[in-house]
Protein chains: 2
Amino acid sequence: MPHAPTPPTLPTTPPAPTAKGRATRARIVEGAAEVLREQGVAFTTLDDIRARTGTSKSQLFHYFPDGKDELLLAVAQFEADRVLEDQQPHLGRLDSWESWRQWRELVVERYELQGDHCPLGALFLQVGRSRPGARAIVTELMRQWQEQLARGMRALQAKGLVSPALDVDRTAAALLAGIQGGVTIMMSTGDSTHLKAALDTGIAHLRATPDGPART
Amino acid sequence: MPHAPTPPTLPTTPPAPTAKGRATRARIVEGAAEVLREQGVAFTTLDDIRARTGTSKSQLFHYFPDGKDELLLAVAQFEADRVLEDQQPHLGRLDSWESWRQWRELVVERYELQGDHCPLGALFLQVGRSRPGARAIVTELMRQWQEQLARGMRALQAKGLVSPALDVDRTAAALLAGIQGGVTIMMSTGDSTHLKAALDTGIAHLRATPDGPART
DNA sequence: CCCATTCTGGACTTGCTGGTCCATTTTCTG
DNA sequence: CAGAAAATGGACCAGCAAGTCCAGAATGGG
């Protein structure tokens with residue numbers, strides 16, 4: 001059963017008509033993302049973004065007529081797209097215990113590196129419920145992420161490494177929750193123990209499944 | 001091995017000397033917590049808090065000389081203390097499958113009721129790394145929460161319901177991460193599926209443990 | 001080459017919000 | 001009951017940051 005072909009990116013603003021315009025717009029979004037990751041949403045002003053991207057006030061409002069909210073939303077989309085990309089190619093090939101292990105290492109490494117800033121979480125809190133688009137971005141990201149995990153689990157099932165009785169969707173949802181929570185806790189406490197525990201326990205749960213005899 | 005007797009609440013500000021003062025201070029913190037939960041940190045001003053609590057500017061700064069940050073920190077501590085209280089008495093008595101089930105229901109109900117506002121997460125993001133106290137509050141809360149879960153698991157082990165081979169600390173850490181992530185996802189998407197999946201999978205993992213034959 | 005459109009620069013306005021200050025009232029203590 | 005300490009009211013201030021505006025430069029199509 002193929003999933004509905006939801007477009008991965010909903011165009012917040014029609015990209016500028018000219019090539020130069022598109023370049024400037026992209027520069028703004030990427031630069032803003034940098035600043036936001038460094039300083040946090042609460043402490044970042046349009047002037048900071050302006051300085052970093054070498055643009056003027058009028059450019060900011062030219063490309064994002066609705067102001068800061070619209071810009072933040074664009075950055076949120078930009079960051080959301082990066083999240084899954086950064087886990088590739090492993091996340092797309094979770095068809096062996098080894099690939100799961102490699103993916104696990106990658107996730108831990110990536111978030112430990114990222115330190116104590118969760119771009120998306122912070123962005124979402126700032127933009128908040130005011131913009132319905134914010135919720136859509138996060139929802140879509142979670143859906144895709146979970147789907148990739150589920151696909152990996154089904155691949156293991158197909159290989160006979162995991163019981164076909166396993167409730168893949170629920171297990172994938174739980175694993176995703178564990179990752180999210182692990183990251184959240186790490187952001188708050190600086191300790192990645194919980195993230196590792198969630199990943200390892202989640203994978204161990206796959207292995208421990210009945211009819212899953214093969215252990216590498 | 002008894003844990004270090006860390007005081008559960010670190011006094012951010014010495015409570016006012018007179019009874020009236022203490023009452024006013026408490027009123028401010030509680031009222032502020034309400035407003036913050038309703039509006040979110042980013043959209044709440046001192047004037048909102050002033051209006052809600054029926055106080056004047058000078059009172060706010062009289063009881064929180066360091067201004068908004070100090071007040072937010074006090075609210076964060078207030079909210080943190082509530083989190084575990086709200087899960088009692090179940091959380092303190094996780095010594096049977098039935099009590100685990102009841103606790104699970106309570107957690108789901110409580111967070112579904114709370115809707116899309118995570119007081120602590122938002123507060124932490126606003127106060128941020130500037131105040132070292134913020135991190136301490138969250139860290140301590142996580143520590144206590146995880147400890148209560150671990151204690152419950154050991155209780156099951158003592159009753160022979162769960163294998164003594166289970167790595168209790170790691171399993172508790174993973175479960176806590178799952179809860180956190182489940183709540184986070186629910187805040188963002190409005191869907192409690194992940195929270196439930198994390199809880200159910202976590203508890204199922206206890207049941208599936210080797211030497212854990214008793215299933216109710 | 002010309003004109004419309006797009007893009008850019010930066011000064012300016014404006015509203016808000018955290019924070020200050022002091023006068024006044026209430027409460028505690030001896 | 002007096003005097004000190006605490007608590008309260010609310011006007012006031014200053015800075016900042018989002019958003020506006022218009023003039024001028026680049027660009028691109030015909």
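What you see below is based on every heavy atom in this structure, not just the backbone, and it leaves out hydrogens, waters and symmetry mates. Proteins come first, then strands; the chains are lettered A, B, ... in the order of their sequence lines, and each starts at number 1.
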Exercise for the section: Using a cut-off of strictly less than 4.0 Å, decide whether A:Y63 has a side-chain nitrogen or oxygen near OP1 or OP2 of C:dT6. Expected result: no
Practice task
Return the set of residues passing side chain to side chain contact (heavy atoms under 4.5 Å, CB included) with B:T184 (not counting sequence neighbours), or none when no residue passes.
Solution key: A:T184
Exercise for the section: Could you walk me through whether B:E98 and B:Q102 pass the side chain to side chain donor-acceptor pair (under 3.5 Å) test, one step at a time? Expected result: CA-CA 6 Å; B:E98 174 59 16; B:Q102 285 182 350; 3.3 Å; yes
Practice task
Please lay out, stage by stage, how A:F64 and A:R25 fare under the test side-chain contact (heavy atoms from CB on, under 4.5 Å).
Solution key: CA-CA 9 Å; A:F64 305 95; A:R25 189 181 189 279; 3.5 Å; yes
Practice task
Verify side-chain contact (heavy atoms from CB on, under 4.5 Å) between A:R143 and A:T139, making sure each step is shown before the conclusion.
Solution key: CA-CA 6 Å; A:R143 196 190 65 74; A:T139 303; 5.6 Å; no
Handout entry: First-last contacting nucleotides on DNA chain D - partner chain A, under 4.0 angstrom, heavy atom
Key = D:dA17 to D:dT27
Exercise for the section: State whether the side chain of B:D81 and the backbone N or O of B:F78 hold a donor-acceptor pair below 3.5 Å, judged by distance alone. Expected result: no
Practice task
Please determine if B:E85 and B:R82 form a salt bridge, counting it only when a charged side-chain N lies under 4.0 Å from a carboxylate O.
Solution key: no
Exercise for the section: Consider only side-chain N and O atoms of A:T193 and A:D191, and report whether a donor and an acceptor are under 3.5 Å apart. Expected result: yes
Exercise for the section: Step through it carefully: locate the ring centre of B:W103, locate the ring centre of B:W100, and say whether they are under 6.0 Å apart. Expected result: yes
Exercise for the section: Starting at atom CZ of A:R22, determine the distance to atom C1' of C:dT6, rounded to an integer number of angstrom. Expected result: 12 Å
Completion exercise
Reading nucleotides 14-25 of chain C from 5' to 3' and marking B where a protein heavy atom lies under 4.0 Å of the base, S where only the sugar-phosphate is that close, and - otherwise, the string is ---SBBBB----
Exercise for the section: For C:dT8, take OP1 and OP2 only and decide whether either is under 4.0 Å from a side-chain N or O of A:T24. Expected result: yes
